[in-house]
Each structure stands twice: as C-alpha cells, then as structure tokens.
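First comes the structure, then the notes that go with it.
The residues of the chain are indexed from 1 along the displayed sequence. Owing to the predicted nature of the structure, the values given are computational and were not obtained by experimental measurement.
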Amino acid sequence: MTTAGHKKRARKLRLLIIAPSFDILGGQSVQAARLLARLREEPELEIGFLPINPRLPGIFRKLQSIKYVRTLVTSLAYMASLLSRVPGYDVLHVFSASYLSFVIAPTPAILAGKLFGKKVLLNYHSGEADDHLRRWRRSALPTIGLADAVVVPSQYLVRVFAGYQVNARAIYNLIETSTFRFRTRSPLRPNFLSNRNLEIHYGVDRVLKAFAIIQRQIPEATLTIAGDGSQRESLQTLARTLDLRGTFFVGQVPPEAIHEQYDDADVYLNGSEIDNQPLSILEAFASGLPIVTTNAGGIPDIVTDCRTGFVVPCGDYERLATCALQLLSNQELAKEFSERGLEECRKYSWAAVRNSWFEVYHELSRDHSLVVESHDLARDQPPGRGAGS
C-alpha cells in the first residue's frame, strides 16, 4: 500500500565502496572520501568502505613499511577483506586506476563480486586509459567486461572507452565548494600555485620552466609547488638550475588543509601531459583562481579557452608563461575567468551529481526502492561566494 506523496520502501540498498584510503593521497582517495561522506547521509543506503590499502595491526603493520613485502602483505589482507565483506552487500562500487594498479586493486574486487553474485560498478578515473586499454587489451578489456556498469568522471573517458567498444557513462567528480573560499583577486598578484603529484605526466617541470620566463619579467613573482612524488628531487634540481627565487616545495598537503594554499595564491598553473578531470582545477575554480593550463586529456572539457581560463598545447611552457603574463596585465579578464569558473563548478556539486549516482545504483539493484525525490536536492544549493567575494 502507498499513500499520496509516499512510496513503500524495501530494505536499504547495501553499497560497498572499494577505493584507496587517504594513506594513498591522490584524486581517487579524495573523490572516494567525498562521495562516501555524502552517500552516508542518504537514508535509502547502507554504506560500507573497504580500502584497497588496509592498515594491518601489530607486527604486520611493520611489514607494510618494507618495500616489496609491503605489496604482498597488503594485497593478501585486501583479498581476505574482499572475501569476508563482499557477501554482505548488494552492489560494489569499485574505484579504478590503470596499469598494474588495475590488476592489484579493482580486478580482485570485480572477481569477488562475480564469485558472490553481486552487482559491480567500475568507477574508472585514470587519464592514462587509452594507453592502458591499448597495451593491456587482452587482460583489461575482458576484466572490464565483467562489470555490470562502467562509470567515468568525464566525457573524455566516455570517448576513450567507446573506442574500445565499452559503454561508459559520465558522472562528474564531486567538488565540495563550501570547503573553499571564493574571492576575486584585486589586484591580481604574481603569486602562482601548482597542486599536482610530482610525477612525469603531470608536467610540473613545464610549470617551472614557464615560471622562469615569468620571473625574468616580474622578479618578485612566487610559485608554490604543492604535492609529492617520484620527481620531487629532480624538480628541485631543475628549480636550482633555472635559478628560480621565491619557489616553495611544500610537499603533500592534506585534503582538509589544501584550501589554504588556494587562498594564498592568485593564479593556478597546470602543465599536464596526460590527464583526465583534475580535481585541482575544480578546486581552483571554487577558490576564484584564474587558470592557465595545458590541453591534456579531458581538461578542455572543463576549461574553455579564453572563457574560463587559458588553454595551451601540451609541452608549450613558453605559451603557458605568455598567457600567465597576459592575465597579470589584464585584471578584468582575470576577473571574468574567475566568475565563469565559479559557474562551471555547478556541474560538480552534490546537487548536480546525486541523482546520477542514484540512477545507476537503482539500475543495478531493481529489487530495491531507491526513491530520488526532487525536494532532496534543495539541501544542496549551487555553489555561492564565500567571505571576501
């Protein structure tokens, strides 16, 4: 029986999120944490979290500090967790990267889901998808084919997967705009920020080379490099070789504190060679930073050249510098970029993506009544301006 305006609800849908924890800092862990927090607010869902990198107790924790041994013991613990916990859920929401990470993390989760007859949603995030699927076609594509749904955070990855006859749908990354203080910069100071992991494909070396050109014209310019990775030492060496001043490597900044770096900066620089839908660009939008970026991967789907930022060809650090200098000389244009960037953030709010997630969960578990009512969306207004705007 139902009454007007109400529906009889079955038991809650039991959803298990399988993803990196914050012990692996990066876009996937941040996105998983944000989505997990939002889904736990939903009364229709019973949410669990299974980290692909579980912390082990006692002496086993010490083993996780030993190279190579760490991978073995963590993988064994992860697979044991899958076998013990997967039977208690209806749908598995599995976060995925590429290459060896795809084999170690999502593949066991997909196989465990199939073993226990559970529905599996593969949430693939890597900007290296095209190369991964091409090189690992014989193993990756059959494994992906076992998933009941493939969700990616960008139309760019939808196009990549379509090229391999995989039907993927796009649900954008979630950005919590209330975490960041939006403000227009007036005057716009030559204080630059890069917030990427220090890996080759994120092109931080291009940012340093661009900044060298900028600093020759504006000696007082500063650059903050937030993030860490395998290239940190070589990038610091490059900064010394370029004789850069006012360049600060601040290391990995915890997600709960990164808003301070955006608030202190005035222009965001990104030099990616390979990318998808970087959260750092969305966070820069939410903070009011005008953006100069390369056109790697799905970035042109986020940043529209000469409208929400400047977009230059990959590798062209001279053009990166020229556009940054143009922003500093045209404060009104920088303000327009900032205003339009805030509007772009609306696509990535919980109000915008909530229904899309509920639709795919509902499709995967038809026997559960997941009621998505329009009045629920009123809880999350589109992003507005914080103090100082």
Exercise for review: Go through the side-chain N and O atoms of Asn195 and Ser280 and say whether any donor and acceptor fall under 3.5 Å apart.
Suggested key: no
Exercise for review: Carefully, step by step, assess Ile144 and Leu133 under the rule side chain to side chain contact (heavy atoms under 4.5 Å, CB included).
Suggested key: CA-CA 10 Å; Ile144 292 169; Leu133 297 180; 3.6 Å; yes
Review point. Do any N or O atoms from the side chain of Ser84 and from the backbone of Ser81 form a donor-acceptor pair under 3.5 angstrom?
Key: yes
Practice item. Could you tell me whether Glu176 and Arg38 make a salt bridge, using a distance below 4.0 angstrom between a side-chain N and a carboxylate O? Key: yes
Practice item. Determine, step by step, whether His132 and Tyr99 satisfy the ring-ring contact (aromatic ring centres under 6.0 Å, His included) criterion, reporting the C-alpha distance in whole Å, the side-chain angles of both residues, the deciding distance to 0.1 Å, and the verdict. Key: CA-CA 6 Å; His132 173 214; Tyr99 303 125; 5.6 Å; yes
**Study point:** Within one Ile-Leu-Val-Met-Phe-Trp-Tyr cluster: Phe211 and Leu238, side-chain cutoff 4.5 Å
**Key:** yes
Check your understanding: Going by atom types only, do Glu283 and Tyr262 share a side-chain donor-acceptor pair under 3.5 Å?
Key -> yes
Exercise for review: Please confirm whether the backbone N or O of Val94 pairs with a side-chain atom of Asn123, one donor and one acceptor, at under 3.5 Å?
Suggested key: no
Point to revise | Short N-O contact, Lys335 and Glu339, less than 4.0 angstrom | key: no
Review point. Is there a donor-acceptor pair closer than 3.5 Å between any side-chain N or O of Asn197 and the backbone N or O of Gly227?
Key: no
Check your understanding: Hey, is Asp148 close enough to Lys114 for a salt bridge, meaning N to O under 4.0 Å?
Key -> yes
Point to revise | Residues Glu363, Arg169; criterion salt bridge (Lys or Arg N to Asp or Glu O under 4.0 Å); working and verdict | key: CA-CA 13 Å; Glu363 290 172 12; Arg169 73 176 78 186; 2.6 Å; yes
Check your understanding: Quick one: are Ile225 and Phe248 in side-chain contact, heavy atoms under 4.5 Å?
Key -> no
**Study point:** Test item: Asn330 and Leu327 side chains (from C-beta on) under 4.5 Å apart, heavy atoms
**Key:** no
Check your understanding: Is a side-chain N or O of Gln277 found less than 3.5 angstrom from the main chain of Ile299, in a donor-acceptor match?
Key -> no
Check your understanding: Is the backbone of Leu289 close enough, under 3.5 Å, to the side chain of Ser287 for a donor and an acceptor to pair up by distance?
Key -> no
Exercise for review: Using only heavy-atom distances, determine whether the side chains of Arg319 and Thr322 contain a donor-acceptor pair under 3.5 Å.
Suggested key: no
Check your understanding: So, Arg206 and Thr294: side-chain donor and acceptor under 3.5 Å apart, yes or no?
Key -> no
Check your understanding: Within the distance-only criterion (no hydrogens, no angle test), does the side chain of Arg185 pair as donor or acceptor with the backbone N or O of Ala265 below 3.5 angstrom?
Key -> yes
**Study point:** Parallel, tilted or perpendicular, as decided by the 30° and 60° cut-offs, for the rings of Phe161 and Tyr124
**Key:** perpendicular
Check your understanding: Can you check side chain to side chain contact (heavy atoms under 4.5 Å, CB included) on Phe337 and Phe310, steps first, answer last?
Key -> CA-CA 9 Å; Phe337 283 178; Phe310 282 127; 3.8 Å; yes
Exercise for review: Could you please spell out the steps behind the salt bridge (Lys or Arg N to Asp or Glu O under 4.0 Å) verdict for Glu336 and Arg340?
Suggested key: CA-CA 6 Å; Glu336 290 175 8; Arg340 293 171 187 152; 3.6 Å; yes
Practice item. Would you check if the side chain of Gln261 reaches a backbone N or O of Ala226 as a donor-acceptor pair within less than 3.5 Å? Key: no
Practice item. State, to 0.1 Å, how close Glu273 and Cys314 come at their nearest heavy-atom pair, and which atoms those are. Key: OE2-C, 3.8 Å
Check your understanding: Do Glu220 and Arg245 sit within salt-bridge range, that is, some charged N less than 4.0 Å from a carboxylate O?
Key -> no
Point to revise | Min side-chain heavy-atom separation Pro153-Leu157 under 4.5 Å | key: yes
Point to revise | Chi angles and distances behind the side-chain hydrogen bond (donor to acceptor under 3.5 Å, both in side chains) call for Ser349, Arg346 | key: CA-CA 5 Å; Ser349 68; Arg346 296 179 188 275; over 6 Å; no
Review point. When clusters are formed by joining ILVMFWY residues with side-chain heavy atoms under 4.5 Å apart, either directly or through shared neighbours, do Val30 and Tyr202 land in the same one?
Key: no
Check your understanding: Going through the checks in order, is the side chain to side chain contact (heavy atoms under 4.5 Å, CB included) test met by Leu35 and His93?
Key -> CA-CA 11 Å; Leu35 185 61; His93 180 148; 3.5 Å; yes
Practice item. Go through the side-chain N and O atoms of Ser230 and Glu199 and say whether any donor and acceptor fall under 3.5 Å apart. Key: yes
Exercise for review: Flag yes if more than 12 heavy atoms outside Ile200 fall under 6.0 Å of its CD1 atom; otherwise flag no.
Suggested key: no
Point to revise | Sub-4.5 Å side-chain heavy-atom contact between Thr304 and Glu344 | key: no
Check your understanding: Can you check whether Ala221's main-chain N or O pairs, donor with acceptor, with Gln215's side chain at less than 3.5 Å?
Key -> yes
Check your understanding: Is it true that Arg196 and Asp275 make a salt bridge, defined as a side-chain N closer than 4.0 Å to a carboxylate O?
Key -> yes
Review point. What about Ile274 and Val207, same hydrophobic cluster or not, with Ile/Leu/Val/Met/Phe/Trp/Tyr joined at side-chain heavy-atom distances under 4.5 Å?
Key: no
Check your understanding: For Pro278, does its backbone N or O pair with a side-chain atom of Asn173 as donor and acceptor, under 3.5 Å?
Key -> no
**Study point:** Step-by-step side-chain hydrogen bond (donor to acceptor under 3.5 Å, both in side chains) determination, Glu359 to Ser356
**Key:** CA-CA 5 Å; Glu359 286 168 7; Ser356 295; 4.9 Å; no
Review point. So, do Val303 and Phe285 sit near enough that their side-chain heavy atoms are less than 4.5 Å apart?
Key: yes
Review point. Hey, any chance Ile52 and Leu111 share a hydrophobic cluster, counting ILVMFWY side chains that come within less than 4.5 Å of each other, even indirectly?
Key: yes
Exercise for review: Look only at the side chain of Lys118 and the backbone of Tyr89, and say whether a donor-acceptor pair between them is shorter than 3.5 Å.
Suggested key: yes
Check your understanding: What class does the angle between the rings of Trp357 and Tyr361 fall in, given that below 30° is parallel, 30 to 60° is tilted and above 60° is perpendicular?
Key -> parallel
Review point. Are the side chains of Gln31 and His125 in touch, meaning some heavy atoms are under 4.5 Å apart?
Key: yes
Exercise for review: Evaluate whether atom CZ of Arg134 has more than 12 neighbouring non-hydrogen atoms of other residues, nucleotides or ligands under 6.0 angstrom away.
Suggested key: yes
Exercise for review: Decide yes or no for Thr247 and Thr222: does some side-chain heavy atom of the first lie under 4.5 Å from some side-chain heavy atom of the second?
Suggested key: no
Revision key, fill the gap. Tested for side chain to side chain contact (heavy atoms under 4.5 Å, CB included) against Trp350, the lone hit among Thr177, Leu39, Ile175 is Leu39
Review point. Is any side-chain heavy atom of Val312 closer than 4.5 Å to a side-chain heavy atom of Cys323?
Key: yes
Point to revise | Cluster overlap Phe102 with Leu146, hydrophobic side-chain contacts below 4.5 Å | key: yes
Check your understanding: Does Glu41 come within less than 4.0 Å of Arg354, counting only side-chain N to carboxylate O?
Key -> no
Practice item. Among Lys119, Lys12, Arg14, find the residue that satisfies the side chain to side chain donor-acceptor pair (under 3.5 Å) test when tested with Asp90. Key: Arg14
Exercise for review: Take the angle between the ring planes of Tyr348 and Tyr172 and call it parallel below 30°, perpendicular above 60°, tilted in between.
Suggested key: tilted
Practice item. Begin from the C-alpha positions of Asp266 and Tyr268 and carry the test side chain to side chain contact (heavy atoms under 4.5 Å, CB included) through to its verdict. Key: CA-CA 7 Å; Asp266 284 56; Tyr268 189 79; over 6 Å; no
Point to revise | Over 12 foreign heavy atoms within 6.0 Å of CZ, Arg40 | key: yes
Review point. Does one side chain, of Gln155 or Asp301, offer a donor that lies under 3.5 Å from an acceptor on the other?
Key: no
Study note, to complete from the structure: From the list Val360, Ile18, Ile17, Val150, side chain to side chain contact (heavy atoms under 4.5 Å, CB included) partner of Leu121 resolves to Val360
